Amino acid sequence: MTQQHQSRLRLHDTATREVRDFVPLQEGRAGIYVCGLTVQSEPHVGHVRSAVNFDVLRRWLTASGYDVHFIRNVTDIDDKILAKAEEQGRPWYNLAYAMHAELTTALASINVLPPTYEPGATGTVPEMLELISTLIARGHAYVAEDGSGDVYFDVRSWPQYGELTRQGLDDMEPATDADPRGKRDPRDFALWKGYKKSEPESAAWPSPWGPGRPGWHIECSAMASKYLGPAFDIHGGGVDLRFPHHENEQAQSRAAGMPFASYWLHNAWITTAGEKMSKSLGNSLLVPSVLERVRGIELRFYMVSAHYRSHVEFSFEALEEAAVGFLRIENFLKRAEVIEAATELPTELPDAFVAAMDDDLGTPAAVAVIHDLVREGNTALAADTPAAAGIASQVRAMLAVLGLDPADPAWATTNGAGDEKLREAVDVLITALLEERATARAEKDWARADAIRDRIAAAGIEIEDTPSGPKWSI
RNA sequence: GGUGGGUUGGCCGAGAGGCGAGGCAACGGACUGCAAAUCCGUGUACACGGGUUCAAAUCCCGUACCCACCUCCA
């Protein structure tokens, strides 16, 4: 069955601009490289969308039987980090390190699996130097003649430049990420940035062309090939990275003789009030702030409910609505009592779900399948048929693929043992009250029965009368 | 100037030539002592103007508005 899955997945490839069959370079194995973040500030919900999207891709490939090698980098040295660190009066590496830690916490809180490896730019400098040397030797890069120590990629030497985004070289505006004086063509981009006296010495590494630091694009080419090889399956990132970042990555990697990525996947933005989040003021959209209003699993459900290539206009209203929708799914699982059951989840997933996921990760349709099964399960539950348990474990299996299984230990935030003790204590108290209510109901003393229910409700606990007696939940 | 994407019912959000994804909200019904939960039912939505077609939200032409990238950006 997993073999069948492998041949059926179709993905949207930015390079060809079409949804096409996913054919791995190596049978049963998938290598994925995703551009992570530049760790220069706290992550907001927009930042983590990309991580969630590619986490879903990774989980689906795994569920389909692939051995997935998933690399997500961290850019821990660049202009912005240096500028912000100076502004804040602390070492650049301290800022990068602290923000990296925040990112890790934020991603864990929405159940994004740790990648196979998370390389940092600063740890891959030797590989970058080697790559730059190759490019110089092949005539695709040159040392700036102004003595700055910069090394540039020569776009004119690579006729295919612009192929990923289908742009003509002469229609482009010139790159301005470095002083243009040392460039042969204004569109040439920096591979290596020569050390400047205004920058801290700790931000410079020795190189054949003098001390300096890596350009932004070369780091991804170096990290991707180091951990996945010169040719790998999927390269991902946000739409904004298509140009110049990904275009440059592909140009320099191929110019160095590497086939590079077979598929390019790009996720759309999540904006607020029509603006990118980086422009938004305040910190209400930082992941920890958002998680004060909804649980991590609900935030993730909200993101997964939209297709990864669809632009999402973030609002707390929509987020809370999604949370209500997810509650319906969770309630079904609770009523079917499969959440506690640590049983093995079925590997066989509903056909409609598989079809949805295989069609360029159609998570909205996949979520619709989950809702359909929840309704079916609720009906089975009402009829008290044994089918309910089977349906519930299927629902859980589908949720697990999306990283949304409520029983996943990853969601257990606080001390589990303490929670369990507290729950037992509350159960004793509520049960006592419910017994009293049962007596009142038996005597048809509705006023007293409702008064008890109201008191319990005032404590934030809901009572549900089921055929097998009342149940409580917070 | 160049390259892409978008505009779907009260709201969110899929789909991409014929059969009204799904959710939230609302209304009606069933169940209930009353609720809650659950189930059943109710909505003739696809920016605008033309065109192609037996058939268009989906294809073509035009118009309007919005957005992204071409500078750091998920």
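In what follows, chains carry the letters A, B, and so on, assigned in the order in which the sequence lines appear, proteins first and then strands, with residues in each chain numbered from 1. Just so we're clear, the structure is a prediction, and the values are computed from it rather than from any experiment.
A:Arg49 comes within 4.0 angstrom of nothing in the nucleic acid, heavy atoms only. At a threshold of 4.0 angstrom between heavy atoms, the contacts of A:Leu241 are confined to the sugar-phosphate backbone, with no base atom among them. Within the nucleic acid shown, A:Arg17 comes within 4.0 Å of sugar-phosphate atoms alone, with no base atom in reach, counting heavy atoms only. Within the 4.0 angstrom heavy-atom criterion, base atoms lie near A:Lys80. Across all strands shown, A:Thr38 has heavy atoms under 4.0 Å from sugar-phosphate atoms exclusively, and none from any base. Residue A:Gly168 is out of contact with every strand shown, counting any heavy-atom pair closer than 4.0 Å. Counting any heavy atom pair closer than 4.0 Å across all strands shown, A:Gly237 reaches sugar-phosphate atoms only and no base atom. In this structure, A:His266 reaches neither bases nor backbone, as no heavy-atom distance under 4.0 Å exists between it and the strands shown.
Base pairing of B:rG1 is made with B:rC70, judged by Watson-Crick or G-U wobble geometry with both donor-acceptor distances under 3.5 Å. Base pairing annotation: B:rU53 forms no Watson-Crick or G-U wobble pair, as no partner gives both donor-acceptor distances under 3.5 Å. Under the Watson-Crick and G-U wobble criteria, each requiring two contacts below 3.5 Å, nucleotide B:rG62 is paired to B:rC48. Pair check for B:rC27 finds B:rG41; Watson-Crick or G-U wobble, both atom distances under 3.5 Å.
Scanning atom types as modelled, one donor and one acceptor separated by under 3.5 angstrom connect the side chain of A:Arg453 and the base of B:rC34. No N or O donor and acceptor, one from the side chain of A:Asp372 and one from the base of B:rG22, sit under 3.5 Å apart.
Between A:Arg328 and B:rC39 there is a side-chain N or O to OP1 or OP2 distance below 4.0 Å. The phosphate of B:rA14 (OP1 or OP2) has a side-chain N or O of A:Ser310 nearer than 4.0 angstrom. In terms of phosphate contacts, A:Asn378 brings a side-chain nitrogen or oxygen within less than 4.0 Å of OP1 or OP2 of B:rC39. Considering only side-chain N and O atoms, A:His47 lies under 4.0 angstrom from the phosphate OP1 or OP2 of B:rA74.
Among the nucleotides B:rG22, B:rC70, B:rA37, the one closest to any side-chain atom of A:Arg335 is B:rA37. Here the side chain of A:His371 is nearest to one of B:rC24, B:rC34, B:rG23, namely B:rG23. You'll find that the side chain of A:Arg375 is closest to B:rC39, out of B:rC39, B:rA14, B:rA21. You'll find that the side chain of A:Ala449 is closest to B:rG33, out of B:rC70, B:rC39, B:rG33.
Note: A:His235 and A:Phe232 have tilted aromatic rings, judged against thresholds of 30 and 60 degrees for the angle between ring planes. Ring pair A:Trp264/A:Phe260 is tilted by interplanar angle, where 30° to 60° counts as tilted.
In this entry the distance linking CG of A:Leu327 with P of B:rA25 reads 11 Å, nearest Å. The nearest whole Å value for the distance from the CG atom in A:Leu373 to the P atom in B:rG23 is 12 Å. Put simply, CZ on A:Phe314 is 20 Å from P on B:rC67, counting in whole angstrom units. Spacing between atom CZ of A:Phe301 and atom C1' of B:rG13 amounts to 11 Å, rounded to whole angstrom units. Whole-Å rounding puts the A:Arg437 CZ to B:rC34 P distance at 13 Å.
Between the side chains of A:Gln167 and A:Thr165, at least one donor N or O sits under 3.5 Å from an acceptor N or O.
Judged by the 6.0 Å distance and 45° axis criteria, A:Arg72 is not positioned over the aromatic ring of A:Phe54. Judged by the 6.0 Å and 45° rule, A:Arg300 forms no cation-pi pair with A:Phe326.
Atom CZ of A:Phe301 sits about 9.0 Å away from atom CG of A:Leu402, to the nearest 0.5 Å.
With both ends at atom C1', the span from B:rG2 to B:rG43 equals 44 Å, rounded to whole Å. Between B:rA16 and B:rU7, the two P atoms lie 13 Å apart (nearest whole Å).
Checking A:Arg8, A:Arg309, A:Arg10 one by one against A:Asp360, the salt bridge (charged side-chain N to carboxylate O under 4.0 Å, His left out) holds for a single residue, A:Arg309.
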